[in-house]
Q: 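Please find one structure pasted underneath; my questions will follow.
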Amino acid sequence: MTAARNASDRAGHPAASTRARPLLRSLAEASLVVLLAAAYSFYSLLRHASFGSAGYDLGIFDQAVRSYSLGHPPWAPVKGIEYNLLGDHFHPIIALIQPLYLIWPDPRLLLIVQALVVALALVPILRILDRRLPRVCSGIVAVIIMLSWPMQGLIDFDFHEVCFAVPLIAMALDAIDTRSRSYFLISSALLVLVREDMGFVVTMLGVSWALRLGGVGSGSAAGGRTSSRGDRILGLCVAVAGLAASVAIVRLVIPAFSTAGSYAYWDYGNLGTSMGEVLRNAVTHPLRTLGIAVNCRAKRFTLIALCAPFLLLFLGSSWSLAALPLVAERFLATGATLWMARFHYNGPVAVILLLASADALGRLRNPLRTRVAWVLGLSLLSCTVALAAIRPFDMPFVTLPGKVSSLKSAEVEDEKTAISLIPPDTCVSADDRIVPH
């Protein structure tokens, strides 16, 4: 029995690997999660202490979660008097943090929660990688992706609801890999609560489920169980539900909470004035749409930085479809900040591309699979090091020594003194970097 199980693991058999290991199969894995969460927290708290955090967005989310904890809607006075944050973006998942605010109502709590949430993504990532790659290689690749520039950008950008998408997307793909319907439905449902655009991601995850488990020859990918009509129906239902959820949230829910009565982030003038018009133009003019997505240096650099480390292996897996909505909404928009290789936008995309690449690798036979797996790890490491040397601005952790030295600077001391002079019951206007304090 043991020999058969070990042979199955080496062959990359998903179901056998799942039976052979619990969620946290070893103390080493749990330790990695703790170490990652500690490293993320240390950086975030240090950045906050040196006045690197800002009202946009840490101050905004602090006020919203604080309001939730007091039994009110998510009011965010930084955005406006009686400004309901659900009229800005749809992220009810942040309400899960409110019980912790009853214990410690402090913006630093949000930074620690984000660090832990992102670090927990390591668990489903390792589960998927372990089924396909050599055990040591999967651990190295997982750690590299968790310390890569997309994750650094996410941790560096104060607190943002998109942090919840990182583990939930990995969990949904893990559910597809293990053919767990309840696991898949729960992950997808929670993902819709992260942000209004995640419904489109759920749509693609539903398509991936249908293709993987309801298609011809999907039995081996689903742990030896044959495909079924029920799996196709489930995948299509999830796809439709995700699409309907995003459309309803953008067109009905957010406007209902917005003081302006509309969705404030429609930024696709190059393609149309409505969601339907954009979709129609994208389908009827695909080359023009593709041209918009790569029509400037910033877009091309970010796309290359995202795709090149994975050697385009992700193109061999239907899982990569989940990245399409996240990429399209950024690179087809007119807002330049969305194209940058900085900020929080790239974290979920990097996780999808990694796991799709691993899925594609799983179709190769040994020893080729093992060799390509090590090449993938080397590529990820090389690209991370190269970006740190070429564009340290896009690798925030590189700036850690400077943040440590700035703690004793005259500017930081003056800011602390100014804050100490404000009575706790006084409302003031403040610089963006002082607001969270």
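Numbers here simply count residues along the sequence, with the first being 1.
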Q: For R288, what residues pass the salt bridge (Lys or Arg N to Asp or Glu O under 4.0 Å) criterion, not counting sequence neighbours?
A: none

Q: Distance check, rounded to the nearest 0.5 Å: L191 atom CG versus F200 atom CZ?
A: 12.5 Å

Q: List the atom pairs, with distances to 0.1 Å, where a side-chain N or O of residues 87-94 and a protein N or O form a donor-acceptor pair under 3.5 Å, not counting sequence neighbours.
A:
| residue | atom | partner | partner atom | Å |
| --- | --- | --- | --- | --- |
| D88 | OD1 | K79 | NZ | 3.4 |
| D88 | OD1 | Y83 | OH | 3.3 |
| D88 | OD1 | Y265 | OH | 2.7 |
| D88 | OD2 | Y265 | OH | 3.2 |
| H89 | ND1 | E196 | OE1 | 3.4 |
| H89 | ND1 | E196 | OE2 | 2.5 |

Q: Might you work through the side-chain contact (heavy atoms from CB on, under 4.5 Å) test for V253 and Y263, ending with a clear yes or no?
A: CA-CA 9 Å; V253 178; Y263 181 60; over 6 Å; no

Q: With a 4.5 Å limit on heavy-atom distance, are the side chains of L154 and V118 in contact?
A: yes

Q: Minimum heavy-atom separation for A121 to A170, with atom names?
A: O-CB, 4.5 Å

Q: Please name all residues satisfying side chain to side chain contact (heavy atoms under 4.5 Å, CB included) with L364, sequence neighbours left out, ordered by chain then number.
A: L361, L368, R369, V372

Q: Could you check whether D174 pairs with R127 (Lys NZ or Arg NE/NH1/NH2 to Asp/Glu carboxylate O, under 4.0 Å)?
A: yes

Q: Looking at G347 and V166, what are the two nearest heavy atoms and their distance?
A: C-CG2, 4.3 Å

Q: Flag the pair S405 / S409 as yes when at least one side-chain heavy-atom distance between them is below 4.5 Å, and no otherwise.
A: no

Q: Is there a side-chain contact between S41 and L111, using heavy atoms and a 4.5 Å cut-off?
A: no

Q: Please tell me if the side chains of M198 and S246 come closer than 4.5 Å, counting only heavy atoms from C-beta onward.
A: no

Q: Let me see the working for V141 and I145 under side-chain contact (heavy atoms from CB on, under 4.5 Å), right down to the final yes or no.
A: CA-CA 6 Å; V141 169; I145 199 66; 5.6 Å; no

Q: Side-chain contact, heavy-atom cut-off 4.5 Å: V201 with L326?
A: yes

Q: Minimum heavy-atom separation for A322 and L205, please, with both atom names.
A: CB-CD2, 3.9 Å

Q: Y40 and M151: which non-hydrogen atoms are nearest, and at how many Å?
A: OH-CB, 4.2 Å

Q: Going from CG on L46 to OG on S406, what distance comes out if it is rounded to the nearest 0.5 angstrom?
A: 7.0 Å

Q: Would you mind listing every ring pair (Phe, Tyr, Trp, His ring centres under 6.0 Å) that reaches into residues 331-351, with sequence neighbours excluded?
A: F157-F343, F157-H344, H160-H344

Q: In the structure I gave you, are the side-chain heavy atoms of S180 and T178 within less than 4.5 Å of one another anywhere?
A: yes

Q: What distance separates W374 CH2 from C137 SG, expressed to the nearest 0.5 Å?
A: 4.5 Å

Q: Short question: side chain of Q63, backbone of V78 - any donor-acceptor pair under 3.5 Å?
A: yes

Q: Would the distance check show the side chain of R330 and the main-chain N or O of L338 forming a donor-acceptor pair, the cut-off being under 3.5 Å?
A: yes

Q: Main chain of I254, side chain of S258: is a donor-acceptor contact present, judged purely on distance under 3.5 Å?
A: no

Q: Can you tell if the side chain of I169 reaches within under 4.5 Å of the side chain of L173, non-hydrogen atoms only?
A: yes

Q: Supply the atom-to-atom distance S148 OG to L380 CG, rounded to the nearest 0.5 angstrom.
A: 7.5 Å

Q: Sequence neighbours left out, cut at 3.5 Å: what donor-acceptor pairs do the side chains of residues 305-312 make with other protein atoms?
A:
none

Q: Closer than 3.5 angstrom, by distance alone: can the side chain of S138 be matched with the main-chain N or O of R135 as a donor-acceptor pair?
A: yes

Q: Under the side-chain contact (heavy atoms from CB on, under 4.5 Å) test against M146, which residue among L126, L354, L36 passes?
A: L36

Q: The criterion is side chain to side chain contact (heavy atoms under 4.5 Å, CB included); which residues satisfy it with V283, sequence neighbours excluded?
A: none

Q: Does atom CZ of R371 have more than 12 heavy-atom neighbours from other groups under 6.0 Å away?
A: no

Q: State, to 0.1 Å, how close A142 and I125 come at their nearest heavy-atom pair, and which atoms those are.
A: CB-CG2, 4.2 Å

Q: Looking only at atom types and distance, does a side-chain atom of T302 sit under 3.5 Å from a main-chain N or O of K299, one as donor and one as acceptor?
A: no

Q: By side chain to side chain contact (heavy atoms under 4.5 Å, CB included), which residues pair with R433, not counting sequence neighbours?
A: R47, A54, D431

Q: Step by step, would you call T289 with N281 a side-chain contact (heavy atoms from CB on, under 4.5 Å)?
A: CA-CA 8 Å; T289 303; N281 287 332; 5.6 Å; no

Q: Using side-chain heavy atoms (C-beta onward) and a distance below 4.5 Å, is N270 in contact with L332?
A: no

Q: What's the spacing between L109 CG and D62 CG if we round to 0.5 Å?
A: 9.0 Å

Q: Who pairs with R195 by salt bridge (Lys or Arg N to Asp or Glu O under 4.0 Å), at least two apart in sequence or on another chain?
A: E161, D197

Q: Determine, using ring centers only, whether Y101 and Y68 are less than 6.0 Å apart.
A: no

Q: Are side-chain N/O atoms of S53 and D158 paired as donor and acceptor at under 3.5 Å?
A: no

Q: Applying salt bridge (Lys or Arg N to Asp or Glu O under 4.0 Å), name anything that partners D359, two or more places apart in sequence or on another chain.
A: R132, R212, R363

Q: Specify the closest pair of heavy atoms between P392 and V398, including all atoms of both residues, with the distance to one decimal.
A: CB-CG1, 4.4 Å

Q: As an exercise, state the distance from CG of L271 to CD of E277, rounded to the nearest 0.5 Å.
A: 9.0 Å

Q: With sequence neighbours excluded, what pairs up with F51 under the ring pair (Phe, Tyr, Trp, His ring centres under 6.0 Å) test?
A: H437

Q: Evaluate the criterion side-chain contact (heavy atoms from CB on, under 4.5 Å) for residue pair L213 and R232; output intermediate values, then yes/no.
A: CA-CA 7 Å; L213 304 180; R232 289 193 294 273; over 6 Å; no

Q: Does D432 have any salt bridge (Lys or Arg N to Asp or Glu O under 4.0 Å) partners at least two apart in sequence or in another chain, and if so, which?
A: none

Q: Would you mind listing every ring pair (Phe, Tyr, Trp, His ring centres under 6.0 Å) that reaches into residues 268-301, with sequence neighbours excluded?
A: W266-Y268

Q: For residues F314 and W319, establish whether the separation of their ring centroids is below 6.0 Å.
A: no

